[in-house]
There are 2 protein chains.
Amino acid sequence: MERGERILEAAGELLVAWGYRRVTIDEIARRARVGKGTVYLHWKTKDALFLAVVLRSKLRSHRSQLARMRTDPLAVLPSRMMSGAYLDFLADPVLRALYHDDADILGRFTDIAKKELAELSAYSNEVVRHYLEVLRAHGLVRADMTVEQQQYALLATASGFFLSEALLHDRAPQSAEERSTVLARTVRGALETSADPDPGTGPAAARTREAAAAAAPDIIPAFERLAELSEREMHRQLRE
Amino acid sequence: MERGERILEAAGELLVAWGYRRVTIDEIARRARVGKGTVYLHWKTKDALFLAVVLRSKLRSHRSQLARMRTDPLAVLPSRMMSGAYLDFLADPVLRALYHDDADILGRFTDIAKKELAELSAYSNEVVRHYLEVLRAHGLVRADMTVEQQQYALLATASGFFLSEALLHDRAPQSAEERSTVLARTVRGALETSADPDPGTGPAAARTREAAAAAAPDIIPAFERLAELSEREMHRQLRE
DNA sequence: TCCGTGACCAGATTCGAAATCTGGTCACGA
DNA sequence: TCGTGACCAGATTTCGAATCTGGTCACGGA
């Protein structure tokens, strides 16, 4: 594993274990088996390093999302998309820490991230909007609300599930699969036109599959551009 | 307005304006135009006083919910219930502060409240569970998930919307009515069997109305007992 | 007699200056 | 040329003194 990668890995592990404030550049360098100065050969500041750590996790999640969409067009459905994103989120300690314990783990880092990632976040907004429009055009998403309202519904609902571990403590179902399934059903009921097309073999399920396959070529590139922007943003944190 | 009421009012105003830590009993007494000792004639501790402030707001919200259900049986539908609760929540500065700015407004108060209200919260859980079972028995809520899963879906979704002001900043629709409508539609799509029965005049809408009217007598008493327990809990904060 | 009050106290909180720590640099050496 | 760790300024922590505040209770007025 190359130096930069080792540093990101070490920073991520320490972030999750100790929280932003408690982690020192010294400690990261030690764990990555490099000199302290070497960290600064790669990243301008501590903030930039941790921003890169977070972007790396987000990027992984995006890529895994894209892989699912390329394998199975049904993965473009909002329900699939969200349950996939939710499972990725649970599997990545950095992303989980991000939502789980804002104050203790992240300290003031959230503010910095919000500011630095404003552009990315705005673009992500547009991608989601475009995504919903395409799905509506293909009859996969209902037209009983405005796109803006559906986007709000999607974001708010997802936030609730993502935060549910922290908010609901033990009142949530134990298994991640079960929670992701409930999320999928909630999103499907809120936005989509079809019943669950996965085990379906009838003509309706076939139609959904076709429509998803037709929509995918419009949707995948948009998310690819989002992933690219994430990656560019991640590299922009590097020195020069 | 009687003394105790004036004190609660003053405490609520100051809580919202200054946050838990900054508010002193002295200041509350001054604003309520009573002596400091008088506050302690009514409540055992500062914590008990603020717990009462919060319970008072929750109780008001419960009562307003009950009033809606008694006026219009359709208000027992989860979608109506949640949009109603959301609008009550937005209208009450104390409840809003509770979700809006956890750290700054509430300080360590959240922990205390979580502990003290554990019993109430457990009971509330049971009421919601019973509520969903009754609605399922009357065919108003679907049976495509377990009740536990639907309860989780409801709680997680609602949390997301309740927190959306804080989380989504400016990416949420401006008007409270619009947000509450989107919440209603999301919940309806996730749980209910009917389309919006309110403007509906067809036989399906009529059937929904009938079923809701039939379910209401089973549901209203359960929420009445919850309101009573809230009130008892609120009074239990009083001295003796 | 009894309800309301504010002076009072102990413990919690804040303050401030000294001591320590840490992000970031850079001269040096491999 | 690339990597390093000693070094520095400013941020953070520490810790005892000073202040503040939750809670009590003896007293006074109705």
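Residue numbering restarts at 1 for every chain, and letters A, B, ... go by the order of the sequence lines.
Per the geometry, CG belonging to A:Leu41 stands 18 Å off P belonging to C:dC28, to the nearest Å. Atom-to-atom, CG of A:Asp47 to C1' of C:dG23 comes out at 10 Å; the value is rounded to the nearest Å. Between the P atom of D:dG3 and the CZ atom of A:Arg3 lies a distance of 5 Å, rounded to the nearest Å. When rounded to the nearest whole Å, the span between CH2 of A:Trp43 and P of C:dT22 equals 21 Å. If you measure from atom CD1 of B:Ile25 to atom C1' of C:dA12, you get 15 Å, rounded to the nearest angstrom. Taking atom CZ on A:Arg33 and atom P on D:dG5, their separation rounds to 14 Å, with Å as the unit. In this structure, B:Arg30 atom CZ and D:dT21 atom P are separated by 10 Å, rounded to whole Å. Following rounding to the nearest Å, A:Leu49 (CG) and C:dG24 (P) show an atom-to-atom distance of 10 Å.
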Protein-nucleotides 25-30 of chain D N/O pairs closer than 3.5 Å?
none

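Counting non-hydrogen atoms under 4.0 angstrom, A:Lys36 reaches a base of the nucleic acid. Backbone-only contact: A:Val23 has heavy atoms under 4.0 Å from sugar-phosphate atoms and none from a base.
Checking B:Gln151 against B:Asn125 by side-chain atom types alone, a donor-acceptor pair falls below 3.5 Å.
Relative ring orientation between A:Tyr152 and B:Phe161 is described as perpendicular, the plane-to-plane angle rising above 60° on a 0-90° scale split at 30° and 60°.
Seen from the ring of A:Tyr40, A:Lys46 does not count as a face-on cation partner, given the 6.0 Å and 45° thresholds.
Around the CZ atom of B:Arg225, the shell of radius 6.0 Å holds no more than 12 heavy atoms that belong to other residues, nucleotides or ligands. Environment of CD in A:Glu119: sparse, with no more than 12 heavy atoms of neighbouring residues, nucleotides or ligands closer than 6.0 Å.
For the helix from C:dT1-D:dA30 to C:dA30-D:dT1, the angle separating the two terminal helix axes comes to 30°, with each axis derived from five pairs and the value rounded to 10°.
Considering only side-chain N and O atoms, A:Arg21 lies under 4.0 angstrom from the phosphate OP1 or OP2 of D:dT13. Look at A:Thr24 and you won't find any side-chain N or O under 4.0 angstrom from OP1 or OP2 of C:dT22.
Between A:Arg129 and A:Glu148, at least one side-chain nitrogen of the basic residue sits less than 4.0 Å from a carboxylate oxygen of the acidic one, meeting the salt-bridge criterion.
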